[in-house]
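Take a look at the structure set out below.
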Amino acid sequence: VIVNQLQAENLFKYRTLQLTELPTRGVIAISGPNESGKTAIAEILCLALFGRTSLLTPQEVTKVIKWGEFSGSVTLRFTNSEGNCYTLVRHFDGDGNQSARLCRSGEQTPLFLGAEAVTQAVAQLGGFTYERFIDSLYLAQRNAATPQALQDTVKELAGVATLERLSAEFAREIDAAQEGLATLAPQLTAVEEQLAQLNIQEGHLADIRLQRQSLLDQVAKARAQIAQQQAVHVTWQNANVQVQEKVAQLVQTGVDTSMEDWQSRAGQLREALGVMDNAARDGELEGVSPVTGELAAWLDDLHTRLTAFTQVRNLALSYRERLEQQLNASELAPVPTATAANAPRSLPAQQAVFTTRLNALVQARSRTLVGFWITLLLALVSGGVWWLLTFARESTLAAWLVEILGTEGLVHLPLVLMIAAGLGIVCILFLVRAVLLASRMAVIRRELAQVEAQAAAIRTEVQTLDALGHSQLPTELAALRHLQDEQLSAAAAAFATGPGAALLSGEDLVAQLAILRRGAAACEHRVRSHSERLDRQLQETTSTVEELQQELRRREQEIAEEENRREKAAALHPQIRALQDKVREQQRRMAVRQVARQLLDGMHHRLYVQFNLELRHVVSKVLPLLTNGRYQILQVDEQLQVQLLSSEKGGLIGVDEISGGTYHQIMLAIRLALAQALISDSVKGTQFVILDEPFTFVDEHRARKTLEVLPNLSEEIAQVWVTASQFDADLGFALHLRCAGDSDTLIAPGA
Amino acid sequence: MSTLPQPVVIQRFQVVDLAKEFLNYSQAEIERLHNTEPDFEESLYQQAVELVLRKLQHSTGGDAQ
């Protein structure tokens, strides 16, 4: 910032202060006696920039108004490092009110209005705050304290203050994070305690689910067992009813029962026993065999007897087949040959043979009788003729014959007689033959009658055998015993006296049926016993099912409770994770900031060292010029403790070992270095500095040397305001303002 | 004295680039810790460095305004 113009009204001692067209480079010297207003110009410049002075607090700003006046104002025109020109106007009144505006030079529209806003704008446009300005750019003699007093500015310029601010900010953030953790910790603990109270055990749910499944399987198995037991029970009862019914049917049998009835009833009882056996086997009933065993044994015995009769029947069937073969008509066809004449023939065949023979004999006898009657007639005729012609020639008939035969015919009367005799003989022969044939016919007729009688007898037996199938057993046996087959008859007799005796004898049969009744009664008794056992098993199984179902309900309840707990736990887990994430986030936030603070702390010394090295370097350039080469700064530590290398003493000395003037020169050199540092750091352009009474304790020679150095101090420190009671006239200042003690007006020469 | 007959006394006052200086320092520190501490968590330090640099950039930007 370069001051181009400074005007004031009613401020400090000045009613009017007009400093216009100020030189932008070089020394602006302000001289005058005490209380002539030299420092007031510097203070007015400070007041214009920041609304306050270095001597007065902001609350005392009313004291800047000229005594006896009610208000004052200052106008400052300056150019910043970017080359922009601004006009700043501040007004003050006796009530402590202050107004300000900042606008570009030549423009009426203010960029900023209000004292505070304008002050901030100055800091931004100029690159320095009030504090930095005071420490670096405004060196007032009365403010020339120890270097340590500049610690804050050094910190700022070295960057340490920035680091400290960051460190402090991180410390606050760490505290905030700790507070956050302090808030989160009980929340997390509370949620974790809720989770712990739920007592979630890994695998417990799976275990009780397995137990439930096992119980379900057991219940299903038990129910199936119940169903099976009930089915067995029903089947068992039904089978028992059937058995008792079949036994009752068998008990009703008698000696007159047919074979088919025995077999049928025995088969039905066997079937009923089979159903009972199967039911017992399905029901896994122990000791069932004795139940049906007696009846089965009785049936086996009956079966043995019936089998024996079956063998008799088989013989009867075989016999019938033979009879059938004898009656078989198929053997009628072939005519017996000579060689087969003696072979056994069936009765129809024999009947055919005999019939054929009889027919042949009848025909032969008929022919013989015809011959007989013919020869007999001829013999009678010829004999009659002979008799007539011999003994009754006078008869008519004889006459008639003579007439027919003639007399010559009578000669042959002996021949007629012989013919009559011959015919008589032939006739007799025919008669004999006829008698013989009749005899033979009678024989054949007898044989034929015998064959027919035999066939009729066989048919009768066949019919008898055919009728035996549904006959009463005794009737059948009697019929069989009376058949013509000896083997069959013997077998029937053996059966009747052997295995069949118990069936044919009333007493034996009663005894057998008594055994059957006892077996049935025992069976029924045991069935009842087993049924009771089945009932007990059924009740036990039902009871077991109820217990299993109760256990199942407990497991279901336990599963529901466990699932409920798990749902609650599942709802808590995200909360815990979220809280844990927040805790980790806060912890991470703290850790990062703690590390950042460590790094920032580590940077302090480094920055101090670097800044002090630079400061020492710059001061070492300036100080020899100000002290005529007698002192060089060699060391500036973090506390800005300064040690000097004295060319006279040949070593390092502390500032307490040097004179007051030299000390002020050192401070001037340091302040100039800090000004340069501030310019390099923030201003980044040309800048004015104010040196208020810098040579109070400095001898004239050093003051002169200093004033010679100031214009060439640096490219950036272009405008140097210097106040002193007087200056040598030949120093060639860019502007020399001379203040008068008795005047309240100062107008710069350029105005 | 209106002109500069002599070269200026102060050529410069080298003000450190705080962010750059901090980056150099922190990286050197990280490298040192990396070599000396087996359990060193570099990501934590890098995160801290990024945080500081971000703050510094924000601070510099604020100053520039």
Side-chain angles (χ1 to χ4, degrees), chain A residues 23 25-27 29 123-124 127 157-159 162-163 165-166 169-170 588-589 591-600 602-603 606-607 610-611 613-615 617-618 621-622 625 672-682 707-717 731-735, chain B:
Chain A
R25 180 170 291 279
V27 174
Q124 291 177 1
L157 295 175
T162 302
L163 300 189
R165 279 195 297 275
L166 283 182
E169 183 179 345
F170 291 152
R588 183 73 176 181
R589 185 179 178 85
V592 168
R593 278 149 185 78
Q594 285 168 348
V595 168
R597 292 194 72 197
Q598 290 176 14
L599 293 173
L600 291 172
M603 276 288 290
R606 186 185 182 98
L607 291 177
Q610 289 187 357
F611 185 81
L613 280 174
E614 194 67 15
L615 180 64
H617 171 74
V618 173
K621 293 284 186 182
V622 176
L625 298 175
L672 291 173
L674 292 180
Q676 184 63 41
L678 174 62
I679 293 167
S680 299
D681 181 50
S682 304
L707 288 170
E708 289 176 354
V709 169
L710 288 178
N712 303 318
L713 202 57
S714 74
E715 288 290 342
E716 291 81 10
I717 302 176
L731 285 174
F733 298 124
L735 176 64
Chain B
M1 289 181 68
S2 60
T3 59
L4 291 173
Q6 298 175 359
V8 294
V9 176
I10 305 171
Q11 295 294 333
R12 61 175 176 78
F13 191 110
Q14 188 66 45
V15 179
V16 296
D17 183 336
L18 200 52
K20 184 178 178 183
E21 194 66 22
F22 178 78
L23 183 61
N24 292 335
Y25 166 75
S26 57
Q27 294 306 321
E29 185 69 5
I30 288 171
E31 183 69 20
R32 183 185 69 78
L33 293 170
H34 200 67
N35 293 328
T36 56
E37 295 186 8
D39 297 332
F40 172 63
E41 186 185 351
E42 182 176 345
S43 63
L44 178 64
Y45 275 70
Q46 294 293 3
Q47 198 173 345
V49 170
E50 289 175 7
L51 176 65
V52 171
L53 291 177
R54 195 164 58 247
K55 293 275 187 180
L56 285 175
Q57 187 177 14
H58 179 70
S59 174
T60 303
D63 291 346
Q65 292 173 1

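Just so it is clear, the model here is predicted, and its values are computed rather than measured. Naming convention: chains lettered A, B, ... in sequence-line order (proteins, then strands); numbering from 1 in each chain.
When side chains are defined from C-beta on, Phe170(A) counts as touching Leu51(B), because their heavy atoms get closer than 4.5 Å. Between Leu599(A) and Ile30(B), every side-chain heavy-atom pair lies at or beyond the 4.5 Å cut-off. Contact of the Leu674(A) side chain with the Phe13(B) side chain is not registered, since no non-hydrogen atoms from C-beta on lie closer than 4.5 Å.
Nearest heavy atoms, Glu614(A) versus Gln14(B): OE2-N, 2.7 Å. The two residues Ala596(A) and Ala48(B) come nearest to each other via the heavy atoms N-CB, 3.7 Å.
With values rounded to the nearest 0.5 angstrom, Arg165(A) atom CZ is found 12.5 Å from Lys55(B) atom NZ. We find the CZ-CG distance between Phe22(B) and Leu166(A) to be 8.5 Å, quoted to the nearest 0.5 Å. The structure places CG of Asn24(B) at 6.5 Å from CZ of Arg606(A), a figure rounded to the nearest 0.5 Å. Atom-to-atom distance recorded for Leu163(A):CG and Leu18(B):CG is 5.0 Å, nearest 0.5 angstrom.
Of the residues Ile679(A), Val618(A), Asn712(A), the one that meets the side chain to side chain contact (heavy atoms under 4.5 Å, CB included) test with Ile10(B) is Val618(A).
For Val52(B), the parts lying under 4.5 angstrom from a heavy atom of chain A are both the backbone and the side chain. With a threshold of 4.5 angstrom between heavy atoms, Ala123(A) does not approach chain B through any atom at all. Only the side chain of Glu169(A) has a heavy atom closer than 4.5 Å to any heavy atom of chain B. Contact of Gln46(B) with chain A is not made at all, since no heavy-atom distance falls under 4.5 Å.
For the set Leu600(A), Leu678(A), Leu672(A), Leu157(A), the count of heavy-atom pairs under 4.5 angstrom toward chain B peaks at Leu600(A).
The closest donor-acceptor contact from the side chain of Gln47(B) to the backbone of Val592(A) lies at 3.5 Å or more, if one exists at all.
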